[in-house]
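See structure below.
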Amino acid sequence: MRTPTGTSVAVLGHGVRAAALAEALAMRNAVTVWAEHDDAAHSPSVPRADAPHAALDGACLVVLCVDDYDAAAEILRRAERHIAARDVVNLTSGTSVQVRELAAWVAERGGRYLDGALMAHPEHVGKPETVLVYSGSEELFAQHETLLAQLGGATYLGRDPGTAALYDLAMLNFAWATLVGYLYSAALLRTAEVRATTTAPLLNHWMSHTIVSVIADYARQIDNRRYPGDEEWLELDAPLMDHLIQAARERGIDTELPRLIRSLTHKGIDADHGKDSFASLIEIIAGA
């Protein structure tokens, strides 16, 4: 049986993400949950309030996790009289502009605001290796850092409340682009009846021992805005992309992804990056 001994927390939200946050926090804190709709994902072991203000009574920290910022703003407006001088941690996904607007609204009512992003699936909440990033009130983060660490690794990014949301979208892009690349590779190999589980260990090994070091090298090139093509360069890569597209056509799979990569590469060559490394394509993507 759990015996909460820490902070009193109100979790406002619904779905498996909010439920996972509430479960993790309830291990060491007194947690009350409020969800606008009947929520099958809600844990019966965590007390549930029938209104936002009821959840907020006695809570010194508010954790918000809903579908979007319109829903987040609506919930806080409904509880406006009870939000004064509260500490609000918002783990709802959105844009930096939306974050700053809501942070200003909370500040105008005497509250402190911290925006956050959970870079994992709900089943990863509570594990120390899980990545969560935060930005906004430095004082709020410092006061509640131990509690936030109960959700996973807590990294503070600075006072601009919109920074965490930008990290969220950038890291989601990395995840989606990487996983789409994997799915494309698996689809190509499946045409030869190669099972995905056969190649997964090889790909994981390649990622951890080669691609990780390439990313670190590219990061230095990007920050220096110098892209030496000492070992690979765009004019070397371009013909290989033609081979990939041809093989995909021959095997009857979609060619949109490799055609996109080839298009970016030829734009880089046309912009005089032909002798530069693949990292130089950031200048094309960024519109430089």
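The first residue in the sequence is number 1, and the count goes up from there.
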- Side-chain contact test, heavy atoms from C-beta onward, threshold under 4.5 Å: evaluate it for Q150 versus N29 and give yes or no. yes
- Task: For residues V131 and M171, determine if any side-chain heavy atom of one lies less than 4.5 Å from a side-chain heavy atom of the other.
- Result: yes
- Query: At their closest point, which heavy atom of V31 faces which heavy atom of P47, and how far apart are they?
  - Reply: O-CD, 3.3 Å
- Kindly indicate whether the side chain of D115, heavy atoms from C-beta on, has any atom under 4.5 Å from the side chain of L102. no
- Task: Ignoring hydrogens and angles, tell me if any N or O in the side chain of S263 forms a donor-acceptor pair with the backbone of R259 under 3.5 Å.
- Result: no
- Query: Within a reach of under 6.0 Å around CD of E231, are more than 12 heavy atoms found that belong to other residues, nucleotides or ligands?
  - Reply: no
- Indicate yes or no for a side-chain donor-acceptor contact from E232 to the backbone of F278 under 3.5 Å, with no hydrogens or angles considered. yes
- Test side chain to side chain contact (heavy atoms under 4.5 Å, CB included) applied to A271 - qualifying residues, sequence neighbours left out: H273, I284
- Mind running side chain to side chain contact (heavy atoms under 4.5 Å, CB included) on L12 and V66 for me, showing each step along the way? CA-CA 8 Å; L12 309 181; V66 289; 6.0 Å; no
- Min side-chain heavy-atom separation Y134-L91 under 4.5 Å: yes
- Message: Let me confirm one number: the CG-CG distance from L147 to D87, rounded to the nearest 0.5 Å.
- Response: 11.0 Å
- Item | W233-Y218 co-clustered via ILVMFWY side chain contacts under 4.5 Å | no
- Counting only heavy atoms not in E256, do more than 12 fall under 6.0 Å of its CD? no
- Message: Less than 3.5 Å apart, any donor N or O on the side chain of R112 or S137 sitting next to an acceptor on the other?
- Response: no
- Query: Do L203 and F174 belong to the same hydrophobic cluster, where Ile, Leu, Val, Met, Phe, Trp and Tyr are linked whenever their side-chain heavy atoms lie under 4.5 Å apart, directly or via other members?
  - Reply: yes
- Item | Beyond-backbone contact of I253 with Y184, side-chain heavy atoms, under 4.5 angstrom | yes
- Query: Going hydrophobic residue to hydrophobic residue with side-chain gaps under 4.5 angstrom, can you get from L132 over to V11?
  - Reply: yes
- Kindly give the heavy-atom pair with the smallest separation between A54 and D50, and that separation in Å. CB-OD1, 3.9 Å
- Message: Checking Q221 against D217: is there a side-chain donor and acceptor pair closer than 3.5 Å?
- Response: yes
- Give a yes or no answer on whether the side chain of H124 reaches the backbone of H121 with a donor-acceptor pair at less than 3.5 Å. yes
- Note on the structure: Y113 and V99 have their tightest heavy-atom pair at CE2-CG1, 4.0 Å
- Message: Quick check against the 3.5 Å criterion: does T199 have a side-chain atom that pairs as donor or acceptor with the backbone of A196?
- Response: yes
- Message: Please determine whether residues M241 and I269 belong to a single hydrophobic cluster, defined as Ile, Leu, Val, Met, Phe, Trp and Tyr linked transitively by side-chain heavy-atom distances below 4.5 Å.
- Response: yes
- Query: If you take all heavy atoms of L281 and G268, which pair is closest and at what distance?
  - Reply: CD2-CA, 4.1 Å
- Query: Do the non-hydrogen side-chain atoms of L118 and T130 ever get within less than 4.5 Å of each other?
  - Reply: yes
- Donor-acceptor pair, H209 side chain versus H205 backbone, under 3.5 Å? yes
- Task: Indicate yes or no: at least one non-hydrogen side-chain atom of L157 is less than 4.5 angstrom from one of T155.
- Result: yes
- Would you call E74-R77 a salt bridge at under 4.0 Å N-O? yes
- Task: Would you name the heavy atoms of A24 and L151 that are closest together and state the gap between them?
- Result: CB-CD2, 3.9 Å
- Got a sec, which pairs hit ring pair (Phe, Tyr, Trp, His ring centres under 6.0 Å) with one end in residues 53-110, sequence neighbours left out? H53-H82
- What pairs meet the salt bridge (Lys or Arg N to Asp or Glu O under 4.0 Å) rule with one or both residues in residues 152-163, with sequence neighbours excluded? R100-D160, E138-R159, E139-R159
- Task: First locate atom CG of L169, then atom CG of N173, and finally report the distance between them rounded to the nearest 0.5 Å.
- Result: 9.0 Å
- When hydrophobic residues are tied together by side-chain contacts of less than 4.5 Å, even through go-betweens, does V89 share a cluster with M119? no
- Item | Any side-chain heavy-atom pair of E283 and R225 under 4.5 Å | yes
- Interatomic distance, L189 atom CG to T191 atom OG1 [nearest 0.5 angstrom]: 7.0 Å
- Note on the structure: Rounded to the nearest 0.5 Å, the CZ atom of R78 sits from the CD1 atom of I83 at a distance of 13.0 Å
- Quick one: CZ on R262 to CD1 on I245, what's the gap to the nearest 0.5 Å? 3.5 Å
- Query: Could you walk me through whether Q98 and T92 pass the side chain to side chain contact (heavy atoms under 4.5 Å, CB included) check?
  - Reply: CA-CA 11 Å; Q98 292 173 314; T92 301; over 6 Å; no
- Output for pair (S93 OG, D67 CG), nearest 0.5 Å, gives 10.0 Å
- Return the minimal non-hydrogen interatomic distance between L114 and S135, and the atom names on each side. CD1-O, 3.4 Å
- Item | Backbone N/O of G136 and side chain of Y156: donor-acceptor pair under 3.5 Å | yes
